[in-house]
Number of protein chains: 2
Amino acid sequence: MATLSDVARRAGVSPATASRVINGSSKPVTDELRERVLAAVAELQYVPNAHAQLLARSHRSAVGVIVHDVSDPYFAEITRGLQRVATDQGRLLMICNSYRDPDRELEYVELLRGHQVAALILAGSGYHDDAFTRQLNEKLAAYEATGGRVAVIGRHEHSGDAVMPDNRAGGYLAGRELCDLGHRAIGVVAGPRILTTTTDRLAGLRQALAEGGHDLPERRIRYAEFDRDGGAEATARLLDADPELTAIVALNDSMAIGALATLRARSLAVPQRVSVVGFDDMPIARDVTPALTTVRLPLVDMGVRAMSLVLGAEAPAPRVEVLPAELVRRDTAGPVPRSTRDTAGAAPRPRRGDDAS
Amino acid sequence: MATLSDVARRAGVSPATASRVINGSSKPVTDELRERVLAAVAELQYVPNAHAQLLARSHRSAVGVIVHDVSDPYFAEITRGLQRVATDQGRLLMICNSYRDPDRELEYVELLRGHQVAALILAGSGYHDDAFTRQLNEKLAAYEATGGRVAVIGRHEHSGDAVMPDNRAGGYLAGRELCDLGHRAIGVVAGPRILTTTTDRLAGLRQALAEGGHDLPERRIRYAEFDRDGGAEATARLLDADPELTAIVALNDSMAIGALATLRARSLAVPQRVSVVGFDDMPIARDVTPALTTVRLPLVDMGVRAMSLVLGAEAPAPRVEVLPAELVRRDTAGPVPRSTRDTAGAAPRPRRGDDAS
DNA sequence: TCCCTGCGGGAAAGGGCTTTCTCTGCGGTA
DNA sequence: TACCGCAGAGAAAGCCCTTTCCCGCAGGGA
């Protein structure tokens with residue numbers, strides 16, 4: 001690889017001058033020398049060594065992001081928001097997938113610290129795991145002590161800037177909707193119970209059912225991976241245990257799609273026989289058939305907010321932005337079937353689809 | 001940030017010794033010193049400066065990847081394959097999204113070169129754009145001249161290692177299937193015509209139709225963005241121009257999903273009234289309703305191969321691995337409707353779904 | 001004529017780490 | 001006892017840039 005001194009030598013100038021030309025330094029350089037340098041750069045196809053640059057300027061510019069999996073639509077949307085703000089400010093993003101492995105998450109914090117990122121954003125759910133949480137907080141504290149900025153998206157046990165989707169309220173909306181439609185036998189297809197996202201959504205759901213006079217026994221909850229296959233499998237187990245269920249809440253849309261697959265495989269009509277409500281409103285939710293009724297989270301906006309927090313002015317006290325959840329009524333949730341309908345009659349509600357053309 | 005010399009000072013040793021302990025150098029260090037260093041590292045929460053390390057060792061380890069968009073399922077799958085091999089070999093991946101912007105693609109080549117990546121993988125489609133291709137090849141040549149390894153996925157006019165999905169054969173399979181089902185009025189929802197992926201798939205399709213005795217006039221092709229909305233919109237235009245179409249080939253699955261949305265919005269039954277064939281077999285293809293008939297590409301494997309090429313031994317001559325396409329029959333392609341069926345009678349074929357449970 | 005100023009350029013000091021080279025001191029052999 | 005060899009530790013030379021500091025020179029004011 002050609003180096004700066006190669007360029008300088010070829011142009012017949014000092015490395016200092018070459019550097020100034022290449023970086024558009026404020027220090028003036030005569031046009032003649034400038035051109036010689038530029039010519040040398042072109043001839044040698046010179047590209048500055050990024051590591052040397054980063055080492056030489058103490059400038060920290062890149063931002064580190066840790067997500068569970070960028071290719072999961074939930075995180076893809078959040079990342080889109082993060083990216084938008086970062087790009088606007090000329091920041092490079094280093095994105096790491098933890099694949100929901102706490103150890104890997106800790107490793108990535110170190111890795112990103114080592115890469116001298118200016119800020120760190122943790123975009124995955126929190127874990128109910130005290131040992132892990134303590135370790136993580138130690139590492140984050142060490143990072144913050146050296147001037148690093150940290151923001152978390154949807155995680156509780158870290159006292160710092162945070163963007164929180166209102167998972168609990170979202171769970172409540174889903175539960176409330178099904179209660180209003182007259183459902184009582186409601187099953188839940190849940191993500192890993194160690195995730196705070198799961199438990200928060202569940203808590204809201206439970207509250208809504210309680211207000212409707214129902215409870216949510218553990219046997220009507222199945223925990224599985226937060227993805228399509230997890231949802232399909234959990235739904236199968238749920239139906240095996242309790243064939244009379246009239247509604248299923250999936251704690252994210254991927255799981256909901258798995259649930260729909262299982263229901264289709266078993267020829268249980270949605271929503272006539274079983275209603276389904278998802279969570280997140282991923283883009284694909286409107287394209288499955290029937291279109292998925294779900295709880296929308298402003299995913300892109302969550303990313304935007306988190307990145308803005310972390311790149312903006314430092315605040316004296318931790319800021320917590322709670323972003324609201326919203327019920328999106330499409331076609332997978334309907335009134336409880338007649339045969340199983342109980343006294344709490346449910347007036348049919350208008351549905352809406354939102355397809356293109 | 002604590003530095004190596006801070007650690008050394010605290011442990012009462014030289015930086016050299018500290019470095020050796022931390023990196024598990026082959027040079028022996030007494031247990032006593034080793035422990036002192038380790039203790040200092042823990043107390044100071046020391047993390048080595050990655051840039052300084054990368055600068056000091058001439059060792060290149062990371063691998064750069066340029067894709068159109070990781071959150072697009074097509075690239076997400078490929079990336080999964082790339083990642084798998086990279087992780088096995090302890091390599092870090094730097095993934096960049098070009099968002100199909102040629103200029104950005106060129107910039108990223110420079111950026112990654114600057115970051116001293118050991119290899120570069122271009123995972124997007126090639127472009128029909130001579131000026132761009134020339135520039136790209138210049139940059140890649142400069143990179144290769146300094147020992148960098150390069151592999152491309154898809155057809156690029158780059159003479160070097162390559163992994164090629166057999167897009168043409170895939171297009172042929174789609175066309176052949178529809179011909180066999182008796183369709184003649186076939187519309188195509190295509191991606192940007194500047195992409196070689198688009199033109200290759202189209203070429204195969206055209207060949208199949210020609211063999212079936214039909215042609216594929218330009219008016220039955222609509223070019224749009226390679227995503228869901230592009231597919232929805234192109235389908236709408238196609239139907240407006242030619243309401244008699246009995247089949248639509250979408251050149252990727254995202255577009256196919258958009259096509260299904262438009263057809264649903266217009267109450268055109270799939271596959272009874274209009275058949276649809278997609279391309280790629282993204283994971284979601286089996287979960288839409290009806291499940292999507294599509295052409296499968298071994299996406300993960302493509303990533304695995306590309307990374308293996310680039311991390312394996314250097315070959316004297318460029319290696320080109322062509323990976324086959326395969327038709328996956330699900331539920332969106334059926335026989336041409338009776339009313340429009342012509343002489344080339346089509347025997348109904350068995351369909352298969354492949355849902356879970 | 002002399003001094004000061006300001007401009008354009010180079011020398012050199014880091015920045016944090018790795019690694020080669022060098023040095024010291026010890027045990028073993030002749 | 002003298003010498004050799006080697007283990008273990010440190011000194012120092014890079015790796016490739018950026019940026020401060022300094023220097024020489026030309027022009028302007030006194």
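Because the structure is a prediction, the values reported are computed rather than measured. First the proteins, then the strands, lettered A, B, ... as listed; each starts at 1.
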Exercise. Where each residue is assigned the nucleotide of DNA chain D containing its nearest heavy atom, which of B:V29 and A:V47 is assigned the position nearer the 5′ end?
Worked result: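 In this pair, the answer is B:V29.
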
Problem set entry | Nearest-neighbour nucleotide for the B:S14 side chain, D:dA11, D:dC17, C:dG8 considered |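 Given the options D:dA11, D:dC17, C:dG8, the side chain of B:S14 is closest to D:dA11.
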
Measure the distance from [atom1] on [X] to [atom2] on [N] and round it to the nearest whole Å.
{"X": "B:R34", "N": "D:dG8", "atom1": "CZ", "atom2": "P", "value": "10 Å"}
{"X": "B:L4", "N": "C:dT19", "atom1": "CG", "atom2": "P", "value": "12 Å"}
{"X": "A:N49", "N": "D:dT18", "atom1": "CG", "atom2": "C1'", "value": "13 Å"}
{"X": "B:L54", "N": "D:dC17", "atom1": "CG", "atom2": "C1'", "value": "14 Å"}
{"X": "B:D6", "N": "C:dG15", "atom1": "CG", "atom2": "C1'", "value": "13 Å"}
{"X": "A:R113", "N": "C:dC17", "atom1": "CZ", "atom2": "P", "value": "12 Å"}
{"X": "A:R60", "N": "C:dG15", "atom1": "CZ", "atom2": "C1'", "value": "10 Å"}

Problem set entry | Check: A:N23/A:S19 side-chain N/O donor and acceptor closer than 3.5 Å |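 Note: A:N23 and A:S19 side chains meet the donor-acceptor criterion.
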
Please write out the pairs of protein N or O atoms and N or O atoms of nucleotides 25-28 of chain D separated by less than 3.5 Å, giving the distance to one decimal.
none

Exercise. Would the B:H68 and B:Y99 ring centres measure less than 6.0 Å apart?
Worked result: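 For B:H68 and B:Y99, the ring centres are not under 6.0 Å apart.
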
For this session: Determine the sole option in B:L82, B:V310, B:L311, B:V85 for which the side-chain contact (heavy atoms from CB on, under 4.5 Å) test with B:R91 is passed.
Result: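 Among B:L82, B:V310, B:L311, B:V85, the one that satisfies the side-chain contact (heavy atoms from CB on, under 4.5 Å) with B:R91 is B:L311.
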
Before accepting this row, confirm whether a basic side-chain N of the pair [X]/[Y] lies closer than 4.0 Å to the acidic partner's carboxylate O.
{"X": "A:D301", "Y": "A:R305", "result": "yes"}
{"X": "A:R80", "Y": "A:E77", "result": "yes"}
{"X": "B:K139", "Y": "B:E110", "result": "yes"}
{"X": "B:E43", "Y": "B:R10", "result": "yes"}

Problem set entry | Residue-phosphate contact under 4.0 Å: B:Q53 side-chain N/O, C:dT18 OP1/OP2 |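 Looking at the OP1 and OP2 atoms of C:dT18, one of them is under 4.0 Å from a side-chain N or O of B:Q53.
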
For this session: Would you tell me if any nitrogen or oxygen in the side chain of B:Y46 comes within less than 4.0 Å of OP1 or OP2 on C:dC17?
Result: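 The answer is yes; a side-chain N or O of B:Y46 sits under 4.0 Å from OP1 or OP2.
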
Nucleotide N/O of nucleotides 19-22 of chain D paired with protein N/O under 3.5 Å:
unit_1	atom_1	unit_2	atom_2	d
D:dT20	O4	A:R20	NH1	3.3

